[in-house]
Amino acid sequence: MASPEKNTPPEKNDNFFNKNPLITFAIFSVVVIMLFKAFIGDESDLAGKLNGQSVTRTQDVSYAELKALINNKQVQKVSIGQSYIRAIGGDANGKVAYTTRIIGPDQTLIPLLDAQGIDYTGFSESNWFTEMFGWLFPFLIIIAIWMFFAGRMQKSMGSGILGMGSSKKLVNSEKPKTKFADVAGVQEAKEEVLEIVDFLRFPDRYVELGAKIPKGVLLVGSPGTGKTLLAKAVAGEAEVPFFSVSGSSFIEMFVGVGAARVRDLFEQAKKDAPSIIFIDEIDAIGKSRAAGGMMGGNDEREQTLNQLLAEMDGFGTDTPIIILAATNRPEILDPALLRPGRFDRQVLVDKPDFQGRIDILNVHIKAIKRDPDTDVEEIARLTAGLAGADLANIINEAALLAGRKSQKTVRQEDLREAVERAIAGLSKKSRRIDEKEKRIVAYHESGHALLAETTKGAKKVSKVSIVPRGLAALGYTLNTPEENKYLMQRHELWAEVDVLLGGRAAEEVFIGEISTGAANDLERSTDIIKAMVQVYGMSDVAGLMVLEKQRSSFLGGGMAQAREYSEKMAEDMDTFIKISLNERYIAVKARLEEYRDAIEKMVELLYEHENITGDQVREIIEKFESDNALETKLEPRKESTANKDVTSHSTGE
């Protein structure tokens, strides 16, 4: 490791004058002016010395009084300016300097002075210094303003010409105290980076064996999964300097600035080796150069990327510097960046499974006071599919809710409410809906709940509510799977479509008219069937042919791709989607008619309590099937140890 002296930053001359150049300039200007005034002065200043005669006092007189003094020969010398007349005379108390203002053209003054034999002369009321200062003052103001803004830009952008070209102010250099114990839910990812920690702590051990440690490790995963935290933990465990910077910090308007910052960053890291360089959101500069097409891409970004590639080739595998980078868009990175010898290894930092969520919740819940009976496992089951950042936010939200209620500890109901806020949005209890809309929402959500519990392969219900939440949801049904699921079978996708159509079907069956509340349900069910045709090859329309490539697996969505199939194929696909939706809709309505009394009982409970649990939904269905001697369609509950995701079926406005 580097010696302490090597990491000690050079002493900075941070005195007052260096920190405040504008004030320094102003003080210097005032001192210079005072020196000119003191040493040059005004040759016609009769308040000082005149012709070697000391003046004891000054006196302002009127123009008439001054002429009277001249007539009485009480004045020995007169100086005439543009607007003032100054004279020196004497009395019993010594020499006196008289001053008066000229009131207008007077043709009698000069003859009077000649007649009395009094010496007179002229003087200029301004001198060369004041005239020169008047010319230079505007330029000095402009220079001062430029210095002020240049200083501000230098503070925000770093050093160099107007701060450009240096990364010192853009790089966060630290020695993190984060350890692997502070990172939970990503056990496999931690195991992947353990050898990096060992290499940074004992580089000689690997160099002697001739082993080559990867120069770069790319952390890939969805937003909020802990990529930055894991990188800090690597530096914290290895106890080495950690240089972190965002990929967008290298991009500037001026070509060449980003490349200069890359060089400066690597120079800093080499001085403090062994060290870690962490580039967050590397896709900002590492986007594939082929993405620009025939016309080329962004010149500044490409020059920055070229410099990064050159720097990664510029140090050997025995140099104790590791480059960690994070992205949630690995599919757009340049192939030259991912080749062996640069980012040799990609580590997936995925969303946590059930046990991972428990571990993450336990890490964050240590910092809050909670009731002894709080059940972290229940919260982990309810938060399937959420990332570590979401779980940390849920714990904090629960603490805020408890504080708002003036509680001493966080209770289980606070944690449940925080989960619902994260999934469905803020509760809008103040939003008043009339009885007609409340009835529509109750039947809509009951339809979702019944289909979820009686359809094979559907995610089961954990809660049904008609309390408005979020921006548009007037009610919602939370569904949670009962086991880890990384694949979905065909019948499970159809089950998801049936559950989504249950809300609209319930409105038609029990109210006799449909509403706009099912807009999102219809959109999602259409997307599922379209994906079955275009992506999964689960229909006879396209067979095994893939009509659309999968988009980013971490961000989802993205720009729509150009259609690569015929009009006839598109027409067949639209027909299949329409027919499938109609067939599933008819089957769903038949199921709701069959369980009419169970739906009515759910609506009654929702009217009374506004919320019912998944267990209450199952009890209502079990009782109805028992009373009517029906074969049960409820699937036995499995003891859940892991979940994949949480689905919220909401009634929109």
Side-chain angles (χ1 to χ4, degrees), residues 1-12 158-159 165-180 190 192-219 227-247 249-250 258-280 282 285-286 304-326 337 339-345 347:
M1 293 181 62
S3 62
E5 292 78 16
K6 189 173 183 179
N7 292 330
T8 303
E11 294 185 1
K12 297 181 179 179
S159 59
S166 174
S167 65
K168 292 182 180 178
K169 296 297 180 67
L170 303 172
V171 177
N172 180 25
S173 177
E174 57 177 324
K175 276 195 174 182
K177 297 182 180 179
T178 308
K179 304 293 184 181
F180 280 148
K190 285 196 291 186
E192 285 287 331
V193 296
L194 273 175
E195 65 180 25
I196 296 176
V197 175
D198 199 45
F199 170 70
L200 289 170
R201 297 183 68 177
F202 311 105
D204 295 339
R205 179 191 303 172
Y206 291 85
V207 173
E208 291 174 359
L209 291 172
K212 296 180 179 180
I213 293 296
K215 291 182 181 179
V217 176
L218 184 64
L219 305 178
K227 298 183 290 294
T228 303
L229 185 65
L230 181 60
K232 285 189 175 182
V234 172
E237 290 286 345
E239 299 179 348
V240 297
F242 181 74
F243 297 91
S244 63
V245 63
S246 173
S249 300
F250 294 107
R261 287 177 176 170
V262 170
R263 287 192 295 270
D264 189 62
L265 172 63
F266 277 81
E267 287 175 4
Q268 292 183 59
K270 289 175 183 177
K271 290 178 182 177
D272 290 333
S275 60
I276 289 177
I277 297 175
F278 176 65
I279 305 176
D280 198 10
I282 195 173
I285 59 172
T304 305
L305 174 59
N306 291 335
Q307 186 62 44
L308 177 61
L309 298 176
E311 290 291 341
M312 293 187 72
D313 287 336
F315 60 89
T317 53
D318 58 341
T319 305
I321 297 177
I322 298 294
I323 304 172
L324 299 178
L337 198 62
R339 74 157 176 80
R342 288 176 179 147
F343 283 104
D344 306 77
R345 185 173 300 176
V347 176

[X] and [Y]: which non-hydrogen atoms are nearest, and at how many Å?
| X | Y | answer |
| --- | --- | --- |
| L218 | A326 | CD1-N, 4.4 Å |
| L337 | R342 | O-CB, 3.6 Å |
| A238 | L200 | CB-CB, 3.8 Å |
| P274 | P241 | O-CD, 3.3 Å |
| D272 | F243 | OD2-CZ, 3.4 Å |
| I321 | A273 | CG1-CB, 4.1 Å |

Spacing of [X] atom [atom1] and [Y] atom [atom2] [to the nearest 0.5 Å]:
| X | Y | atom1 | atom2 | result |
| --- | --- | --- | --- | --- |
| R261 | I285 | CZ | CD1 | 12.0 Å |
| S244 | I279 | OG | CD1 | 10.5 Å |
| D344 | M312 | CG | CE | 7.5 Å |

Item to check | For Q307, side chain to side chain donor-acceptor pair (under 3.5 Å) partners two or more places apart | outcome: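 Applying side chain to side chain donor-acceptor pair (under 3.5 Å) to Q307 gives R263, E311.
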
Checklist outcome for this item: With sequence neighbours left out, the residues meeting side chain to side chain donor-acceptor pair (under 3.5 Å) with D198 are R205, Y206

Next on the checklist: If the threshold is 4.0 Å, N to carboxylate O, is there a salt bridge linking R339 and D313?
Outcome noted: yes

Identify, with sequence neighbours excluded, every residue that meets side chain to side chain contact (heavy atoms under 4.5 Å, CB included) alongside [X].
| X | result |
| --- | --- |
| K179 | D182, E237, E239 |
| A231 | L219, F242, F278, L324 |
| E195 | P214, R345 |

Next on the checklist: Are V217 and V234 packed together at the side-chain level, in the sense that at least one heavy-atom pair is separated by less than 4.5 angstrom?
Outcome noted: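 No - every pair of side-chain heavy atoms lies 4.5 Å or more apart.
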
